[in-house]
Amino acid sequence: MKLLVILLFLGLLTGCSGNSNYSLTPQLLLVSFDGFRADYLKNYDLPHLQNFIKEGVLVEHITNVFITKTFPNHYSIVTGLYEESHGIVANTMYDDITKKHFSESDDKDSFWWNGAVPIWVTNQLQENRSSAAAMWPGTDVLIHNITPSYFMNYSSSVPFEERLNNVTTWLSSSNPPVTFATLYWEEPDASGHTYGPEDKENMSRVLKEIDDLIGDLVQKLKVLGMWENLNVIITSDHGMTQCSENRVIHLDSCIDRSNYSIIDLTPVAAILPKTNITEVYDKLKHCNHHMNVYLKEDIPNRFYYRHNDRIQPIILVADEGWTIALNKSSLKLGDHGYDNSLPSMHPFLAAHGPAFRRGYRQSTINTVDIYPMMCHILGLKPQPNNGTFSHAKCLLVDQWCINLPEVIGIVISALLLLTILTGLIICMQSRASASRPFSRLQLQEDDDDPLIG
Ligand SMILES: [Zn+2]
């Protein structure tokens with residue numbers, strides 16, 4: 001018995017000191033594999049990712065934000081805002097007031113990012129906390145004069161292993177502790193563009209490589225003793241759809257280039273007319289019926305893509321799988337950016353860690369719902385956002401969650417129980433009333449007894 005007590009005491013001691021970075025403040029690692037279409041999970045063999053999901057949660061489809069491009073969606077994940085609100089409205093932008101340009105390779109001007117406060121900034125403004133980023137759009141830019149305490153300047157040539165090593169080092173041994181970190185990887189987006197998502201042979205090879213990276217990530221966290229305490233979200237910005245040389249819209253065949261500037265091209269083209277807006281609009285309107293043409297003020301409400309100066313006066317939205325080009329040009333076999341209601345544009349979300357339930361699946365949430373969920377996990381007060389915390393409640397272990405089928409099940413069970421009970425009561429009452437004449441007789445006899453006596 002004494003030995004048992006000593007062993008328990010030692011166990012408690014090692015449990016407390018096993019992870020030198022153990023702190024009561026939760027830690028969260030947010031991972032993005034760019035362009036990971038939701039149904040890759042169903043259509044390809046991904047054993048490491050499936051194991052991760054088995055011990056955690058899965059959201060099968062994430063409804064992302066329009067336009068379904070990389071920079072805008074990554075910024076929506078970390079701010080909970082639609083593009084018109086955070087201001088990163090495309091991968092390529094032009095601001096007509098300041099005459100500034102933005103592109104994937106020229107993204108360092110704070111001007112573009114300061115319309116929102118990303119979670120790594122909010123986290124860092126808390127006492128005794130820091131943030132780290134192994135690449136994520138915007139993490140190597142001063143936003144509201146702050147970068148993450150630890151970050152890497154973006155370079156696609158840095159291998160995954162180096163990014164992973166950096167992020168785990170920062171998460172395990174920094175002071176003040178890193179409580180929020182990001183990890184970004186360019187695949188399967190790059191291959192999706194090159195081969196197209198319907199190229200099963202090439203995509204299965206690429207996705208196996210990604211699955212192995214997920215295996216490496218989990219293994220490393222286990223070796224470092226971080227696996228059980230760290231919350232890990234694996235998600236993506238958008239999906240991918242198949243394009244074809246038979247589905248190309250040539251703008252040059254409809255309108256002369258001298259009439260407008262093209263700010264962004266495909267599959268959502270941003271048009272800045274040089275001449276009369278209505279004239280340009282009319283010419284484009286009748287260009288091709290596989291393309292919707294909108295004046296800025298007529299962009300459908302459901303896109304939440306209107307109220308920002310960086311959205312150009314006319315936008316063209318190609319139908320799924322169609323490409324907008326000026327003339328004959330080289331073509332991507334896969335692309336994204338299309339209508340965010342298309343399932344092919346949706347990514348997934350999987351998560352594991354002490355904040356998450358185990359073995360739970362949910363069909364959908366929105367990209368903007370991820371932010372309030374992350375703030376909750378980290379105990380941060382969220383900035384104003386477009387997300388809804390309750391959408392993600394069921395994923396979290398500390399939330400009371402009941403879904404519709406469960407509610408229906410409980411109501412039906414309660415009704416059944418009530419019916420049985422009512423039946424039983426009626427049955428017992430009718431039995432009681434059936435035996436009453438006999439008992440009355442007995443009573444009368446009893447009542448009579450004293451009189452006789
Ligand atoms: Zn892409």
Side-chain angles (χ1 to χ4, degrees), residues 15-32 74-81 86 110 113-154 163-184 217 220-221 224-235 349 351-356 368-385 387 389 392 395-399:
C16 292
S17 60
N19 181 352
S20 57
N21 189 45
Y22 181 78
S23 67
L24 289 174
T25 316
Q27 287 183 301
L28 174 62
L29 170 61
L30 173 65
V31 186
S32 169
H74 274 101
Y75 212 40
S76 288
I77 294 173
V78 295
T79 61
L81 292 168
H86 66 52
S110 307
W113 303 91
N114 280 345
V117 184
I119 191 167
W120 61 80
V121 172
T122 306
N123 183 56
Q124 213 148 271
L125 293 174
Q126 301 287 307
E127 218 175 293
N128 201 34
R129 289 182 183 206
S130 59
S131 305
M135 303 189 194
W136 185 282
T139 51
D140 54 358
V141 181
L142 272 170
I143 301 177
H144 300 288
N145 268 325
I146 292 172
T147 63
S149 298
Y150 309 89
F151 71 93
M152 305 168 77
N153 278 309
Y154 181 71
R163 303 182 195 193
L164 176 61
N165 282 344
N166 281 348
V167 95
T168 50
T169 304
W170 295 327
L171 275 165
S172 58
S173 61
S174 305
N175 192 21
V178 167
T179 49
F180 176 78
T182 63
L183 174 58
Y184 169 81
L217 166 75
K220 190 161 182 83
L221 294 177
L224 294 170
M226 299 165 73
W227 174 242
E228 291 302 330
N229 286 330
L230 180 65
N231 295 295
V232 182
I233 295 174
I234 299 178
T235 188
L349 180 144
H352 176 277
F356 296 100
V368 290
D369 300 329
I370 300 173
Y371 171 77
M373 177 181 78
M374 294 194 298
C375 287
H376 173 82
I377 291 169
L378 292 169
L380 300 174
K381 187 174 177 288
Q383 293 283 318
N385 64 84
F389 174 64
L395 306 177
L396 300 170
V397 83
D398 67 350
Q399 294 297 302

Student: Check Trp170 against Ala133 and note the closest heavy-atom contact, atom names and distance.
Tutor: CZ3-O, 3.7 Å
Student: What heavy-atom pair brings Tyr150 and Ser174 nearest, and what distance separates the two atoms?
Tutor: OH-CB, 3.4 Å
Student: Before giving the answer on side chain to side chain contact (heavy atoms under 4.5 Å, CB included), spell out for Ile119 and Cys375 the whole-Å C-alpha distance, their side-chain angles and the decisive distance to 0.1 Å.
Tutor: CA-CA 8 Å; Ile119 191 167; Cys375 287; 4.0 Å; yes
Student: Is there a donor-acceptor contact under 3.5 Å from the side chain of Gln27 to the main chain of Val178?
Tutor: yes
Student: Working to the nearest 0.5 Å, report the span between CG of Asn175 and OG of Ser130.
Tutor: 8.0 Å
Student: Rounded to the nearest 0.5 Å, how far apart are OH of Tyr184 and CH2 of Trp136?
Tutor: 9.5 Å
Student: About how many Å separate NZ of Lys220 and CG of Asn165, when rounded to the nearest 0.5 Å?
Tutor: 4.0 Å
Student: Does Thr147 offer a backbone N or O that forms a donor-acceptor pair with the side chain of Gln124 under 3.5 Å?
Tutor: yes
Student: Would a distance-only check, ignoring hydrogens and angles, find a side-chain to backbone donor-acceptor pair under 3.5 Å from His144 to Ala116?
Tutor: yes
Student: Leu28 and Leu230: which non-hydrogen atoms are nearest, and at how many Å?
Tutor: N-CD1, 4.1 Å
Student: Does a side-chain heavy-atom distance below 4.5 Å link Val31 with Val232?
Tutor: yes
Student: So does Leu81 get a backbone contact from the side chain of Ser76, meaning a donor-acceptor N/O pair under 3.5 Å?
Tutor: yes
Student: Work out which heavy atom in Met152 is nearest to a heavy atom in Ala134; give both atom names and the distance.
Tutor: SD-CA, 3.7 Å
Student: Grab the two heavy atoms, one from Val78 and one from Tyr371, that are nearest each other, plus how far apart they are.
Tutor: O-CD1, 3.3 Å
Student: Please report the interatomic distance CG(Leu221) to NE2(His352), rounded to the nearest 0.5 Å.
Tutor: 10.0 Å
Student: Is a side-chain donor or acceptor of Asp369 paired with a backbone partner of Ala392 at a separation under 3.5 angstrom?
Tutor: no
Student: Measure across Pro176 and Arg129 and return the closest heavy-atom pair with its distance rounded to 0.1 Å.
Tutor: CB-N, 3.8 Å
Student: Could you give me the CA-CA distance, side-chain angles and deciding distance for Phe180 and Thr122, then say whether side chain to side chain contact (heavy atoms under 4.5 Å, CB included) is met?
Tutor: CA-CA 10 Å; Phe180 176 78; Thr122 306; over 6 Å; no
Student: Please check this pair: side chain of Gln126 against backbone of Leu380, looking for a donor-acceptor N/O pair closer than 3.5 Å.
Tutor: no
Student: Tell me if a side-chain donor or acceptor on Asn231 pairs with a main-chain N or O of Leu29 at a distance below 3.5 Å.
Tutor: no
Student: Once the angle between the rings of Tyr75 and Trp120 is folded into 0 to 90°, is it parallel (under 30°), tilted (30 to 60°) or perpendicular (over 60°)?
Tutor: tilted
Student: Show the numbers, then the answer: is there a side chain to side chain contact (heavy atoms under 4.5 Å, CB included) between Asp398 and His376?
Tutor: CA-CA 10 Å; Asp398 67 350; His376 173 82; 2.9 Å; yes
Student: As a quick check of understanding, evaluate side chain to side chain contact (heavy atoms under 4.5 Å, CB included) for Leu183 and Asn166, giving each step before the final call.
Tutor: CA-CA 10 Å; Leu183 174 58; Asn166 281 348; over 6 Å; no
Student: How about Phe356 and Ile377: do any of their side-chain heavy atoms sit closer than 4.5 Å?
Tutor: yes
Student: Look up atom CE in Met226 and atom OG1 in Thr168, then write down how far apart they are to the nearest 0.5 Å.
Tutor: 6.0 Å
Student: What's the spacing between Asn114 CG and Ile143 CD1 if we round to 0.5 Å?
Tutor: 7.0 Å
